[in-house]
Every structure is written in C-alpha cells, then in structure tokens.
Peer 1: 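Here it is: the structure, laid out below.
Lettering follows sequence order; numbering is per chain, from 1.
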Protein chains: 2
Amino acid sequence: MSIKKIREQTGFSNSTISRVLNGKAKEFRISDKTTRAIVAAAKKLKYRPNILARSLRLQKTMTIGLIVPDIRNAFFGELSWRIEELLRGHGYSTILCNTNEVPENEEFYLKVLIDRQVDGIIIAPIHTREWKDLHDIRRGTEIILIDRIFYDTDIPWVTGDNLKAAEALTSILIKKGFKRIAYLGGTSGTYINSMRFQGYQNALKAHTLPLIDDIIQFGGYSVEAGEAMMQNLLKADPDIKAVMCVNNLVFQGAMKVVQGYELTTSNPIIMGAFDIHPFCGIFKRPLACASQNLEKMAQAAVSLIVNRIQGKRMRKTHLILPIRVESHRFR
Amino acid sequence: MSIKKIREQTGFSNSTISRVLNGKAKEFRISDKTTRAIVAAAKKLKYRPNILARSLRLQKTMTIGLIVPDIRNAFFGELSWRIEELLRGHGYSTILCNTNEVPENEEFYLKVLIDRQVDGIIIAPIHTREWKDLHDIRRGTEIILIDRIFYDTDIPWVTGDNLKAAEALTSILIKKGFKRIAYLGGTSGTYINSMRFQGYQNALKAHTLPLIDDIIQFGGYSVEAGEAMMQNLLKADPDIKAVMCVNNLVFQGAMKVVQGYELTTSNPIIMGAFDIHPFCGIFKRPLACASQNLEKMAQAAVSLIVNRIQGKRMRKTHLILPIRVESHRFR
DNA sequence: ACGTTTGGCACAATCATTTGTTCCATGTTA
DNA sequence: TAACATGGAACAAATGATTGTGCCAAACGT
C-alpha cells in the first residue's frame, strides 16, 4: 500500500496521484498546487511505485528473457553482456538462462519466461527448427533467434554469415599451401556446424581438394570435445599440419593438445577457428580467425525485439551479418 | 482473466479453483469430483497462473538479482553460470546486471531490483563499504555480498581467503629463488586488491625481502590495465623475472606483452596469478595459480540467500573459503 | 427432536496500480 | 436566467491470484 499512503497524507484520490506521478498532470489538467503537494508527499514518503501491480495492470513487465547455451563460453558471455547493456538502455531488465545444450532446459526456460510474462525472449536455441510445442507455450510473446537460427520461420532472427566466413577461413589455410586440412566440428545436425562445415567443403571444392573423412570429426562444442577430437586426429594423422575448429571452445581444447604435441615433435600445426579473437593477442603463433561482430549482432537483436514489442513492423526481420576473417602472424 | 475462465467452465469459485490448482484440495477438504473437474478444465484450457498477480498477492517474486562487475570476465562468467543454475534448482529466476565497475550503475541496479521486488540480491560490489544510501533503498530485501565484501557489516557474505592465497602464491615464487617479484595490482582501495597485496607483502616480509616500489603497480582489473602495467614494468626493470598478477584479466594483458617480449630477449618470465586455471592447461609454460572454488562459492551464496529468504537464521553468515594454490610445469 | 459436528464450498477483501467515466463546481454565453 | 463549456478531481472497474471467514446442508449424537 503505497499510493494509499500518499492519499492519506494529501487527501487526493488514487487517480490524481497516479497521474501526477506519471507526468500526466498537464494532460489531465491537474492544478499546480495539487501537483506540487503530491510530488512533495511522494518525496517525503520515499514513494516507489509497485512494479508488479503496474505490470499486472499494464500487461507488460519491461523484462526480456535471454536464453543462451552457456554464458561461460566467451562468445555468449560477451554477447550476453552487450545485450544486457543495450536492453538496460531501453529500460528493460534481463533474465538470464543457461540451457547447457540440454533441450529440456530450453523448453523449461521458455515456459518459465512466458509464465513470467516477459515482453520478449532472445534465444540462441538448441532446437534446430520450430517444434510445435513452441507455439503452444508462446502466447504472443515476441521471440528473436540469435546466432543459431531456423529456416522457414516467421520468427525474426540475426546471425553471422557463417557459410562465407568458414569458406574464407579454410581458403586462407589452403592458400598457405596445405592440402590436408582437418575439421574439428560441433554437434552434427546443428545450424552452426552445418553452415561452417558447408563453408569448409565449399572451399575445398573451389580448390579441387578432396574431402578426407579421416580428418573430419563432429564431437560437440565444448573444450573437452575439442581435446578429444584433437587427440583422435593426431592418432589418425600424426603429420597433420592445418586444423579448422568450429568454435572457440573446440579451439581451446585442441590447443591444449597441440601445444603439448609440438613440444615433443617440433611439428608446427597451424590453426583456424571462429571467435578466438581474445587468443590472437595472447598466443604468439600463426592463427587464422573469423571474428563475429558481437556489437552489431547484439544491436540488431535488441533493436528487433524492442521494435517488435512496440508493434512496429520492420523492413528486415532476418539479418545475416558479415564476419571478418583474418590471419595473425603468418609469415 | 484466467482462473475466471475455469470458473465459467466449471461453475466453481475462484477460491476452490485456486486451492485445487495449488494442491491444497485435501487440506480444504474439496471433494474428489470437484478436484477432478477443475484439473480437467485447467488442462483443457491450458491454464497457466499469472505470476504477476501471484507475486503481487504473495509479496514474493521468486526472482533474485545478480550484480557483477562484468560477466565477460571468466571469473564472474563462471560464478554467474553456477549461481544461475543453483537458483533455478530452487525455483528462482535470475536477473543479470553488469556494473562495469561504475558505481553509479551499481546504485541504479540496486534501485531497479528492489523496485522490482526481487526476493534477494547477490552482489559483487564496487562500493567498498556500506554507504548510507544502501539502507534507504533496500527495503527488507535480502542482500548477500560475494567475492568482494565489506567489513563490519551485518550483511552476509562469502569470499575467498585472498590474503592467505596471495601469500602462498608469492611464496612459491620466492622459493623458486626470485628476490625481485613484481606486483601488478587492481584498483587501489578495493577489497580484492588490498587483500592480495597484503598477502604479497606478508610473503616478502616472512622471507625478509624488501618491498620495491618500482615494480609495484595498481592499474585496475582489466586486460588493458594488465598490458599497460606490464609495459611500464619492463621499462622500469627490463630484467624482471617474476610477476604476480592480481587477477585473470591483468594476467591476460600482461601475457600479451610478456610473450612478445620473450621472443625478442629470450628472458623467460615466470608468472603467478589468481583464477587463471583455464590458461594453465593451454599455456605450456610455468605458471603459479591460485584457483578459487567457484562451485563452493556459488553454493554458499545461494544457500545463504535462500535460507535468509525463508527466514532461517544461519549459524555462519560470513564465510571465507580456502583457495587452492598450485604451480604448473615448474622444473 | 434438537443441538453439534463436519464436509464442501462461496464471498469478499487484499495485493498496488492505471484509466475510462462521471461529477461538481465555476465561469461564460445566449 | 437558463443553457453550456471548462477546469479539477473523485469513483470504480480492471489487471489475476490467494486466503480468512462464513454459510449451508447432511450426518451424528443424546
């Protein structure tokens, strides 16, 4: 009971107080004297509006749900950081959800968020398509896909041009003269892995290089997966000289193995990977790197969701952002 | 209007429906027939309770605010990840807030969270003590400090034994035979920096080594700060052989410089730092590392806040967790 | 036959706002 | 003087769920 307190102090009605405190005094022609009295009382009583009651009445919570696989992954860490900051600028709070690549968690969180009546959800999904449950539980809530997207969906999304970037990244290694380029991939069937592997294949094809099954693996997106894949790879081909990693975590795992391996064999291995920009500065070794512009990606997602919530129809609701590809310390 | 829908379908009153749906049918001796009818109607209509209305009535939101400096910092990234996961297990959602080391952001977020009537706040504060505003804006909301704490406060907290860990870490370097050990510190006056620097000093004193001002710096907690401090250090003492870094970010910045420097001078520098465990696997070089147990820290914070919310008074409300100190690849 | 217990459920207040409608004075015009 | 406009603010409904109290009938006991 809080507007009530002001009512008891000033004698004015709920409606008048509410209007004054929401800056609608002029609009409802409330006298200056009244306005001043209410504002003074509010200040004296340290009045703070009850957000729950307001949200209940207004049918909006000024809250956005953010569902990512794992915030410990630096990629999603930075993405989440940017999204949270931008949303705050629009007056929204962010509820954070880590699915840990478990589809059941994703469904659980979607339900929770929608039950909480968030105004919108930004999600890097595990599901690879619009499963039917989604429409059952989503009740008018705005949803934006980020990074990982569905095809043939009306749900707006923003992602990077993974296909082209993977092709460019692979081409860098090819142009260095390598003919056997290993691919350490993520979970088979996922959007990111499909795109990047397709780009890898395209590059090989463009240079009339064969696809070699022995040096291609799809082990998942984690550091552990990267470690295991790299170990397998070295068993399959102890002489491998160039390796493409599907993401930063796989790269980290692979690097653990590679750095140890190089100490014993003096067989330098050159690596290419996505989103390993932080490592390019810290490792003094040749690296090829595809760096997504997370600032742009976050901006696009936030702008999409904020506009949709406000009911504005946007011209472009499906965005593919360019990815910068570059090499470091190549001789 | 949603219980209303069930009322229209079944003819039973709000209260009966609410009780059935909250599993209180037995307690209020509602007949099985009625119970079944209501449950069936709820299922048919895909009833979902309105969390806002419930929170308004119950005066609790099942929401916790988490305020950290920057989730991009792997330390807070993992900490946040663990806290979110544990809170979810208790039925809470987590609102994420990054202060970016700006005190005004901290005050802003505290207000926002309290206005949103979160049930509790877990915060790694920028402020170094209980400033008086805090009590004005906090209105009975439970607060737990994590990692960075205040002295002389009734607010519960959990942190690591930074003093002892810094001392042990420095001692490792001393026992390696180094007499000049640089200290690259965080923001002067902050809790973490004070503790760790004190530990560093204690170790020197215990081995009757002098404090050398030229090789001690307090530049802040970021990668950029680490880079700058390391560059300054190399100017001040091009022959430095052992460096202590106050945290993982400073370590990363320093490493950028060190790795380049070593290529040109073949002067190996040994590094010690806090919370660089992920790097210990990936760099094949000697490192001394103080690794905080984030699982324990997150568990403690969550257990503290959940219990406080439930009104339980705990035996220990101020926890100092041990920190594991170890060296990697030392000869 | 009359009072008491118990099963089974409805009523209405409450949580704190926002907002469409209404109402009552003045002041103005015909 | 009656009709009308306008300023200024109150009334009450609506947002959905929870819960203390109260009511009615049937069963039970004496």
Side-chain angles (χ1 to χ4, degrees), chain A residues 1-39 41-42 45-63 91 114-119 139-141, chain B residues 1-39 41-42 45-63 91 114-119 139-141:
Chain A
M1 78 180 83
S2 217
I3 270 198
K4 199 170 174 180
K5 274 277 180 356
I6 300 184
R7 168 160 42 116
E8 285 162 5
Q9 277 268 322
T10 63
F12 293 104
S13 72
N14 279 12
S15 43
T16 302
I17 296 170
S18 171
R19 282 167 176 140
V20 166
L21 263 23
N22 286 320
K24 298 183 181 172
K26 289 275 168 289
E27 185 184 341
F28 288 87
R29 43 180 207 287
I30 291 161
S31 69
D32 276 8
K33 207 198 309 172
T34 303
T35 302
R36 275 196 304 274
I38 290 174
V39 169
L45 299 173
K46 297 185 203 256
Y47 169 75
R48 303 261 72 204
N50 184 314
I51 304 289
L52 292 173
R54 174 183 287 168
S55 295
L56 180 61
R57 177 66 227 257
L58 260 37
Q59 303 283 51
K60 60 174 191 170
T61 53
M62 296 306 283
T63 307
I114 288 164
D115 279 356
R116 281 178 175 272
Q117 283 160 276
V118 296
D119 296 337
R139 292 183 313 222
T141 310
Chain B
M1 79 180 83
S2 217
I3 270 199
K4 199 170 173 179
K5 274 274 180 356
I6 301 185
R7 166 160 45 119
E8 285 161 6
Q9 277 267 323
T10 63
F12 293 105
S13 72
N14 280 14
S15 43
T16 303
I17 296 170
S18 171
R19 282 166 177 143
V20 167
L21 265 24
N22 286 321
K24 300 184 178 173
K26 289 277 168 287
E27 185 183 343
F28 287 88
R29 40 179 209 289
I30 291 161
S31 70
D32 276 7
K33 207 196 313 173
T34 303
T35 301
R36 276 196 303 275
I38 290 174
V39 169
L45 298 174
K46 295 182 205 260
Y47 170 75
R48 304 261 73 204
N50 185 316
I51 304 290
L52 292 174
R54 174 183 288 169
S55 297
L56 180 61
R57 177 65 227 253
L58 261 37
Q59 304 283 48
K60 62 174 189 170
T61 54
M62 296 306 283
T63 307
I114 287 164
D115 279 357
R116 282 179 175 273
Q117 282 161 274
V118 296
D119 296 336
R139 292 184 312 223
T141 309

Peer 1: How close or far is atom C1' of dT17(C) from atom CE of Met62(A), stated in whole angstroms?
Peer 2: 16 Å
Peer 1: Whole-Å distance between dA12(C) P and Arg7(B) CZ?
Peer 2: 12 Å
Peer 1: For Gln117(B), is there any backbone N or O sitting under 3.5 Å from a side-chain donor or acceptor partner on Thr61(B)?
Peer 2: yes
Peer 1: Would Asp115(B) and Arg48(A) satisfy salt bridge (charged side-chain N to carboxylate O under 4.0 Å, His left out), going step by step from the backbone distance to the final call?
Peer 2: CA-CA 7 Å; Asp115(B) 279 357; Arg48(A) 303 261 72 204; 2.7 Å; yes
Peer 1: Taking only residues two or more places apart in sequence, or in another chain, which ones meet Arg57(B) in a side chain to side chain contact (heavy atoms under 4.5 Å, CB included)?
Peer 2: none
Peer 1: dA10(C) P sits how many Å from Glu8(B) CD, rounded?
Peer 2: 14 Å
Peer 1: Can you check each nucleotide of nucleotides 14-25 of chain D against protein heavy atoms at under 4.0 Å and return B for base, S for sugar-phosphate only, - for none, in 5' to 3' order?
Peer 2: BBBBBBB-----
Peer 1: For the CD1 atom of Ile6(A) and the CD atom of Gln9(A), what is their distance to the nearest 0.5 Å?
Peer 2: 8.5 Å
Peer 1: Just so I know, are the side chains of Asn22(B) and Arg54(B) near enough to count as touching, which here means a heavy-atom distance under 4.5 Å?
Peer 2: yes
Peer 1: What integer distance in Å separates Ile6(A):CD1 from dA10(D):P?
Peer 2: 13 Å
Peer 1: With sugar-phosphate meaning primed atoms plus P, OP1 and OP2, does Ser55(B) contact a base, only sugar-phosphate, or nothing at under 4.0 Å between heavy atoms?
Peer 2: nothing
Peer 1: How close or far is atom P of dC9(C) from atom CD of Glu27(B), stated in whole angstroms?
Peer 2: 15 Å
Peer 1: Keeping the roles fixed (side chain from Ser55(B), backbone from Ile51(B)), state whether a donor-acceptor pair exists under 3.5 Å.
Peer 2: yes
